[in-house]
Every structure is written in structure tokens, then in C-alpha cells.
Colleague: 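Below are the C-alpha cells for one structure; questions will follow.
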Amino acid sequence: MVRFFGALVGMGFIAALLWSFGWGVNAQLTETHTQSVEHRFHQEPRDVAFSTDGPFGKFDRAQLQRGFQVYKEVCAACHSLGQVAFRNLADLGYEEPEIKAIAAQWQIEVPSINPDTGEATTRKAIASDHFPSPYANEVAARAGNNNALPPDLSLIVKAREGGAPYIYSLLTGYQNAPADLPAEARPGQGLHYNPYFANLNIAMPPPLTADGQVTYADGTNPTRENMAKDVAAFLTWTAEPNLESRHRTGLAVLIFLLIATILAYMAYQNIWHGGADRRVRQTGPLDPENQAKSRAAKKEAGIKG
Amino acid sequence: MSFPWAQQYSPKNSFMRWMDERLPLPRLAYNAVGAGYPVPRNLNHFWNFGVLAGVALTIQIVTGIILAMHYAPVGTMAFDSVEHIMRNVNQGWLLRYAHANGASFFFIVTYIHIFRGLYYGSYKAPREMVWLLGLVIFLLMMATAFMGYVLPWGQMSFWGAKVITGLFGAIPLVGEPIQAWLLGGFAPDNAALNRFFSLHYLLPFVIAGVIILHIWALHIPGSNNPTGVDIKTPQDTVPFHPYYTAKDGFGVGLFMIAFAIMLFFFPNALGHADNYIPANPLSTPAHIVPEWYFWPFYAILRAFTVDFILPAKLWGVLAMFASILLLFFLPWLDRSPVRSGSYRPTFKMFFIILLIDILILGYCGGAPAEEPFVMISQLATIYYFAHFLIILPLLSKFEKTLPLPTSISASVLHGEKQEAAPLEVARPKRRPRAAPAE
């Protein structure tokens with residue numbers, strides 16, 4: 001009965017699937033298929049190495065500081081960094097007085113209230129504050145950016161397929177639209193052609209326009225490539241500030257587990273194949289010793305059988 | 001448990017004797033996973049995965065309870081509270097990555113456990129209840145994992161919740177009221193997030209309860225084995241402890257190594273980048289995909305593209321649920337008296353095709369809904385249903401099976417299983433004179 005109804009149900013599903021499949025084949029044969037414009041022109045992120053790559057990857061503190069400088073002087077004009085607090089900059093190698101100074105001199109102030117009147121106001125940032133958003137709210141952000149919303153950058157490296165190389169490629173990937181780009185895919189008003197962006201036209205104007213846009217204190221040549229790479233490294237840190245301790249802990253855990261597993265394997269082999277004279281002590285009711293004991297107990301209690 | 005030669009618990013000292021007379025918990029453990037449980041001597045490493053699933057559940061419960069201490073199930077705060085765990089809670093990143101990857105590893109070991117049962121015929125008499133309870137656990141796991149994925153309240157959380165609860169909307173007449181009732185509104189919002197959190201906390205303990213029943217039901221007939229032949233004599237078995245505790249210990253070590261590699265070095269490889277974007281009801285992601293362990297079922301759902309008597313969407317929903325529910329009937333669909341696939345050459349061939357078929361379904365489920373993936377998943381879905389509902393019942397009628405070994409010990413003697421415990425080990429000093437009827 002089960003098998004009869006099962007076969008019936010199975011036939012039903014198969015019939016419905018064949019019907020769908022037939023229409024699919026029909027569509028494949030009759031309709032002409034053109035590759036989408038995105039498919040033709042979109043490019044995968046370029047290969048670029050970061051110090052955080054691989055299981056031993058570490059942050060390059062000097063690079064993070066340079067990247068932070070790029071964020072501060074370029075990106076922060078539009079992009080918030082809401083998950084990160086000024087105090088977190090200690091990870092980058094800044095000392096406490098430096099962090100206090102960075103917070104106090106931050107171009108955007110933190111929303112607050114007047115302690116006397118209770119009216120809304122702003123105050124200078126302190127180390128425990130998170131990075132303040134450049135816009136009061138989403139409407140203000142869109143109004144200032146041609147109706148596009150600059151995303152928060154705290155997690156951007158983890159929130160985009162391709163990670164840091166994608167950020168780097170996007171920042172350096174602005175170019176003139178190719179001549180064979182169809183008219184409907186050409187960047188409209190306020191959009192910019194960038195083959196690394198999913199739909200090819202991005203609302204963000206090229207942020208790194210010229211070499212030397214920022215002046216690095218450590219003497220690194222501030223080419224567009226370097227600035228893009230540094231800020232991508234900085235954003236890797238904002239997205240995953242615990243990356244180094246994760247890698248370190250991981251190595252320690254793996255070494256421990258490797259030793260433990262080898263020991264477990266040896267114990268397993270020893271128990272299964274070690275010592276030909278190994279015998280498991282019989283403790284069951286069929287064990288002669290136990291039987292003798294129970295006979296004695298029964299005898300003592302006067303039970304027959 | 002039901003074997004007359006099982007070793008009996010005897011308290012080692014006066015305290016344990018005192019305990020045994022009042023709360024015989026050590027006796028229970030001894031009989032369940034100790035020396036008192038005789039297990040076939042020829043179990044291979046595929047028999048490690050039940051224990052591994054238990055380990056994975058334990059990891060999920062321990063990490064999950066601590067995560068819940070820091071998580072805020074409120075629409076406006078959930079995403080930030082997860083980031084708070086990642087950044088400010090001591091070792092919070094470890095807890096959260098362990099929990100997220102732990103879910104994937106729970107499914108990996110459970111899938112291997114299920115396929116082990118499928119291949120060696122562990123679902124057949126007298127172990128039907130073990131199989132049915134296992135499927136209940138699997139369904140509970142899927143519900144728990146789905147609701148857990150909603151909690152970080154990222155883009156995939158939100159849109160996944162919307163799509164999956166939308167499935168209920170395909171039910172004629174009552175569909176939309178049911179969807180609104182499940183979500184507590186017309187779209188996922190605070191109400192949905194709160195109840196998902198509550199249930200996500202509850203269900204793992206329900207799973208733990210059903211696992212107890214699963215193991216209880218297993219201990220009545222005892223474990224199946226790679227030959228599928230019943231246990232006949234004491235020589236066929238070894239005590240669970242120390243033999244299988246030692247073997248499982250090694251298995252757990254390998255599992256933890258694989259888990260640690262993903263957790264510490266590729267913690268986001270099994271997730272989706274979009275879930276690091278806070279939920280936004282106004283912006284639909286380009287590709288909404290569930291977590292990888294749902295991909296085969298997602299492919300079945302999307303395989304129905306054209307109305308056929310019923311609306312295509314309803315076909316998809318029915319097929320997706322049927323693809324799991326039919327497994328409940330498996331013990332009665334496959335009536336072949338031979339359990340193990342090793343002695344069923346034709347079954348073995350179809351089993352391998354099924355395995356590849358499900359991998360293909362999984363790949364298509366993760367791919368965008370465009371050709372050729374839709375047509376491939378249609379063919380793969382056809383095979384999936386044909387395998388269980390048509391091929392297996394026919395096979396059990398017409399298949400020529402290979403001769404079975406007369407006993408587990410005989411198969412070990414002939415060197416069929418290198419992994420089996422050598423026969424001289426743990427053999428009783430003398431055969432029981434008269435074995436009581438089983």
C-alpha cells in the first residue's frame with residue numbers, strides 16, 4: 001500500500017517536473033539568449049596581497065595607520081564607521097594621548113545635549129565614542145549624495161564578495177566607459193563607470209583622484225595604488241579587529257588538537273590491537289566467579305534454585 | 001542491553017553501591033555507553049558520526065547559551081549586538097564563529113550519519129523507530145538552524161525569513177493567514193525576530209530529548225553493522241567501552257581538527273557576505289540563498305517553474321516537504337531483506353547515483369535561478385523522487401543480492417573488514433552453556 005501510493009506520488013512529481021523541463025527546453029530552443037551587459041563587462045577583483053592573508057597573517061601596523069589617515073582625510077567625508085570606537089585605535093599602535101587628540105580634533109562632533117538646558121547640541125568626541133556619522137540621518141545622507149546612501153564602512157570588507165581585494169580594485173578601477181558598452185548601460189547623471197562594481201555604474205565619485213592626495217608621515221609614496229591598498233588594509237582591520245588573535249589562537253588550538261588526536265589514535269590502536277593477552281574481565285552473570293557468589297548468597301538466604 | 005552476555009554493572013566501592021541503590025545513574029551510563037553495551041565488533045569509521053553529531057550539538061548549546069547572554073533580540077539592536085559580541089565581549093568572536101561554523105559542522109556530520117544509515121540499511125526492521133526518531137531530529141535541526149540564521153538580522157537573515165515563511169503562503173486559501181500568524185505580521189519584524197529567538201533557544205533542548213529516545217530505541221536491537229547481519233553470538237560483539245569510546249575518541253579528534261581549521265582560518269567561508277549588511281526591508285539582495293545545508297531542498301523548491309494542474313509554487317513547496325517526508329516511509333518502501341548495500345550490487349550503484357544527484361542538487365540550489373541550473377535541478381529532482389519512490393521498491397522485488405556471511409565473526413575471519421577488532425580480543429573465556437532466547 002505504502003509502495004503503491006509512494007509510486008503514485010512519485011509519478012505526480014515526475015510528471016510536473018517533466019512538464020517544467022519541457023517548457024525549459026522549449027524556451028532554450030526558441031528564445032535567443034544574449035549575455036547580460038553586467039556579465040560581459042564585470043570584472044573580478046584584481047589579485048593583491050595583504051599582510052593579513054593566510055593562516056599566519058598579521059596586521060601591518062604602519063599600513064593600518066596610513067590607511068586610517070586615508071579614511072580620515074578622504075572617506076570620512078561621506079562614510080561612517082559606526083562599529084569602531086576611537087579607543088580601538090590603540091590596536092593600530094597609537095598611544096592614549098594621541099587617541100584623545102584624534103578624537104578631540106575629529107572634524108565631526110558627537111550628538112549630545114546641553115547639560116544646563118537639555119537642548120540638543122554637539123560636543124567634541126572622546127576616546128570611548130564611536131566614530132560619529134558625517135550625516136545626521138539617512139535622509140540627510142541621501143540628500144547630500146544625489147540620492148545615493150554611502151554605506152557604513154565598518155564591515156565593508158566582510159560584507160562584499162571579494163573582501164579587501166575588491167575594495168582595492170573598486171577604488172582603483174574607475175575608468176572611462178568602453179566604447180562598445182550599450183547605451184542603456186552607460187553611466188547616467190551622477191554615476192561613474194567601474195567594472196568591479198556589480199552593476200558597472202557606481203554613485204560614488206572617484207575618491208582617490210591623484211597621487212599625493214594625502215601626505216604620509218612615514219614617507220611612503222602616496223600613489224593611488226598605495227592609498228587604495230592602505231585603506232583596504234585599514235578596513236580589513238575595522239571588519240575583523242580580532243584577526244591576529246584568531247590566527248594565533250587557531251595555531252595553538254591546532255597544535256593541541258594534533259597532539260590529542262595522535263594520542264587518541266594510539267590509545268585506539270592499543271585497545272584494539274595491542275597486547276595479544278589482553279582480556280576483558282568478565283563481570284556478567286555468566287562469569288563463574290559471579291555465579292559462585294550468587295549461589296553462595298542464595299544458599300545463605302535459603303533460596304533454592 | 002538485550003544481549004544476555006552483556007556485562008553487568010557492579011559498583012566498585014561502598015559509595016557507588018550506596019548510589020546504585022538510590023539513583024542508579026552510573027548503571028544507566030554503564031549500560032548505555034559503557035562496557036555494558038555490546039556492539040558489533042566490525043563497525044567502521046562511518047559509525048563515528050552519531051557521536052560526532054552529539055558533540056556538535058553540545059558545542060552549539062554551550063556556545064549558544066553564552067551568546068544569548070550578550071545578544072539583543074530586537075530589530076533595531078540585533079545586528080549591532082552581534083557586532084558587540086564580535087568586538088567587545090571577551091572571546092566573543094570565538095563563541096560566535098564557533099556557533100556559526102558549528103551549525104555547518106552539525107549538518108555535515110548529520111548528513112554523513114544519515115547516508116551511513118541509507119547505505120547500510122540501518123532504517124530497516126527492527127530499527128524503524130531509530131530511523132523515524134532520527135528524521136524528527138533532522139527536521140528539528142533544520143527549523144533550529146533556519147531560525148538561528150535569522151537572528152543576526154542581516155540582509156540574508158531578513159530575506160531568508162521572508163522567502164521561507166513565504167512558502168506557507170503557497171498553501172491554497174489559508175496560506176497567507178498562516179504566514180502572517182507565523183511571522184506575527186505581514187513581513188519579518190520584531191515579532192518574528194523575538195519568537196524565532198525564543199524557539200531557537202527552545203528547540204535544541206527538544207532535540208536533546210529526542211536524541212535520548214533515538215539512543216533508547218537503538219539500544220533495544222543494538223547497533224547495525226557494515227554486513228547488516230544480525231548479532232548471533234558473543235563473539236560478534238565487543239563492549240562499547242573501551243573499544244568504541246577509544247575509536248570515537250580518535251574520530252572526535254579528527255572532527256575537532258577540521259572544525260578548528262574552518263573556525264580559525266576560514267570563519268566566513270560557509271556564510272554569505274550579504275549577512276554583514278544590516279537587514280533592510282527596502283533593498284532586496286541580488287541572489288537570496290539559504291545556508292549551504294539547505295541548498296538541495298532549495299533546488300527542489302525552485303525546480304517547478306511551470307503550472308501543471310496545480311500552481312508551480314505549490315508544486316515546489318509540496319515537493320520540498322515531500323523530499324524529506326518520504327524518508328519517513330523508507331523502511332516500508334525498501335523491503336529488501338538484505339540490509340547492507342555491500343551485498344546489494346544494484347542498490348549500491350543507484351545509491352552512488354543518488355549521492356551524486358544530491359550533490360548536483362546542492363550545487364544548483366546555491367547557484368542563481370537561471371539556465372542551465374534550473375533544467376539540471378529538474379532532472380536531478382526527477383531522479384531523487386524516482387530513486388526513493390520507484391527504484392527502491394522495484395529493487396527490493398527484483399534485485400539479486402550477494403550471499404551474506406553467516407555471522408559478523410565469519411566476515412571478520414575472512415578479512416572482510418580490516419578495521420574490525422581481532423577475534424581473540426574480548427572473547428569470553430568459555431561459551432555460555434545455554435544462551436537464553438533473545
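These figures come from a predicted structure and were not determined experimentally.
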Colleague: Quick check: do Leu254(A) and Phe265(B) have side-chain heavy atoms less than 4.5 Å from each other?
Modeller: yes
Colleague: Highest number of heavy-atom pairs under 4.5 Å with chain A: which of Gly249(B), Ala319(B), Ala260(B)?
Modeller: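 Of the options given, most contacts go to Ala319(B).
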Colleague: If I measure from the heavy atoms of chain B, does Arg248(A) come under 4.5 Å with its side chain, its backbone, both, or neither?
Modeller: neither
Colleague: With a 4.5 angstrom heavy-atom cut-off, is it the side chain or the backbone of Leu8(A) that approaches chain B, or both, or neither?
Modeller: neither
Colleague: Supply the atom-to-atom distance Ser154(A) OG to Met86(B) CE, rounded to the nearest 0.5 angstrom.
Modeller: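 Result: 13.0 Å between the selected atoms.
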Colleague: Could you tell me which of Phe13(A), Tyr265(A), Trp23(A) has the largest number of non-hydrogen atom pairs under 4.5 Å with chain B?
Modeller: Phe13(A)
Colleague: When rounded to the nearest 0.5 angstrom, what is the spacing between OG1 in Thr249(A) and CG in Leu94(B)?
Modeller: 7.0 Å
Colleague: Of the backbone (N, CA, C, O) and the side chain (C-beta and beyond), which part of Ala7(A) lies under 4.5 Å from a heavy atom of chain B, both, or neither?
Modeller: both
Colleague: Would you say the side-chain atoms of Arg87(B) pair up with the backbone N or O of Thr238(A), donor to acceptor, closer than 3.5 Å?
Modeller: yes
Colleague: Heavy-atom distances under 4.5 Å only: say whether Val253(A) touches chain B with side chain, backbone, both or neither.
Modeller: side chain
Colleague: Taking all non-hydrogen atoms of both residues, which atom of Ile271(A) and which atom of Ala246(B) are closest, and how far apart?
Modeller: CD1-CB, 3.6 Å
Colleague: What residue, out of Leu379(B), Leu254(B), Asp334(B), Thr245(B), has the most heavy-atom pairs lying under 4.5 Å from chain A?
Modeller: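 Sorted descending by pairs with chain A, the first entry is Leu379(B).
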Colleague: Would you kindly say whether Asn242(A) and Gln91(B) are connected by a side-chain donor-acceptor distance under 3.5 Å?
Modeller: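 Their side chains do not contain a donor-acceptor pair, so the 3.5 Å distance test is not met.
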Colleague: Measure the shortest side-chain to side-chain distance between Leu155(A) and Phe79(B) over non-hydrogen atoms and say whether it is less than 4.5 angstrom.
Modeller: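 Yes, close enough: below the 4.5 Å cut-off.
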Colleague: Is Leu318(B) close to chain A through its backbone or its side chain, or both, or neither, when contacts mean heavy atoms under 4.5 Å?
Modeller: both
Colleague: CG of Asp152(A) to OH of Tyr276(B): how many Å apart, nearest 0.5 Å?
Modeller: 14.5 Å
Colleague: When heavy-atom pairs shorter than 4.5 Å are enumerated against chain B, which of Pro151(A), Ser245(A), Ala267(A), Ala198(A) gives the highest number?
Modeller: Ser245(A)
Colleague: For the pair Phe250(B) and Tyr268(A), name the ring-plane relationship: parallel under 30°, tilted 30 to 60°, perpendicular over 60°.
Modeller: parallel
Colleague: Please classify the contact of Phe255(B) with chain A as side chain, backbone, both or neither, using a heavy-atom distance under 4.5 Å.
Modeller: neither
Colleague: Any idea which of Leu394(B), Ile257(B), Asn88(B) has the most non-hydrogen atom pairs under 4.5 angstrom with chain A?
Modeller: Ile257(B)
Colleague: Report which part of Gln269(A) has an atom under 4.5 Å of a heavy atom belonging to chain B: side chain, backbone, both, or neither.
Modeller: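 When you check distances to chain B, no heavy atom of Gln269(A) falls under 4.5 Å.
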Colleague: Against chain B, label Pro241(A) side chain, backbone, both or neither, depending on which of its atoms sit under 4.5 Å from a heavy atom there.
Modeller: side chain
Colleague: Looking at Ser20(A) and Thr305(B), would you say the former's side chain and the latter's main chain have a donor-acceptor pair under 3.5 Å?
Modeller: yes
Colleague: Does any part of the side chain of Phe5(A), heavy atoms only, come nearer than 4.5 Å to the side chain of Phe329(B), both counted from C-beta?
Modeller: no
Colleague: Identify which of Gly10(A), Gly162(A), Ala16(A), Gly82(A) forms the greatest number of heavy-atom pairs closer than 4.5 Å to chain B.
Modeller: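 The option with the most such pairs is Ala16(A).
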Colleague: Is it the side chain or the backbone of Leu18(A) that comes within 4.5 Å of chain B heavy atoms, both, or neither?
Modeller: both
Colleague: Under 3.5 Å, is there a donor-acceptor pair between the side chain of Arg246(A) and the main chain of Phe264(B)?
Modeller: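 Looks like yes, one N/O pair under 3.5 Å.
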Colleague: Taking side chain as everything from C-beta outward and backbone as N, CA, C, O, which of these in Ala85(A) sits under 4.5 Å from a heavy atom of chain B? Side chain, backbone, both or neither.
Modeller: neither
Colleague: Identify which part of Ile382(B) has an atom lying under 4.5 Å from any heavy atom of chain A, answering side chain, backbone, both or neither.
Modeller: both
Colleague: Given that the side chain runs from C-beta out, which part of Trp315(B) has a heavy atom under 4.5 Å from chain A: side chain, backbone, both or neither?
Modeller: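 Both parts, backbone and side chain.
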Colleague: Please confirm whether the backbone N or O of Asp307(B) pairs with a side-chain atom of Trp19(A), one donor and one acceptor, at under 3.5 Å?
Modeller: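 Yes, the answer is positive, given that a donor and an acceptor are paired below the 3.5 Å cut-off.
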Colleague: Side chains of Met11(A) and Ile390(B): closer than 4.5 Å at any heavy-atom pair?
Modeller: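 Result yes, sub-4.5 Å side-chain heavy-atom pair found.
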Colleague: Quick one: which of Gly92(B), Gly271(B), Ala273(B) has the most heavy-atom pairs under 4.5 Å with chain A, could you say?
Modeller: Ala273(B)
Colleague: For Trp272(A) and Tyr243(B), take the angle between the two ring planes, folded into 0 to 90°, and tell me which bin it lands in: parallel under 30, tilted 30 to 60, perpendicular over 60.
Modeller: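 The rings of Trp272(A) and Tyr243(B) stand perpendicular, inter-plane angle above 60°.
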Colleague: Quick check: closest heavy atoms across Gln378(B) and Phe21(A), and the distance to 0.1 Å?
Modeller: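 Of all heavy-atom pairs spanning Gln378(B) and Phe21(A), the closest is OE1-CA, 3.2 Å.
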Colleague: Once rounded to the nearest 0.5 Å, what's the spacing between atom CG of Leu243(A) and atom CH2 of Trp93(B)?
Modeller: 9.5 Å
Colleague: Under a 4.5 Å heavy-atom cut-off, does chain A meet the side chain of Tyr384(B), its backbone, both or neither?
Modeller: neither
Colleague: Below 4.5 Å from any heavy atom of chain A, which atoms of His84(B) appear? Answer side chain, backbone, both or neither.
Modeller: neither
Colleague: Contact part of Leu258(A) toward chain B, heavy-atom cut-off under 4.5 Å: side chain, backbone, both or neither?
Modeller: both
Colleague: Does the side chain of Arg335(B) come within less than 4.5 Å of Arg3(A)'s, by heavy atoms?
Modeller: yes
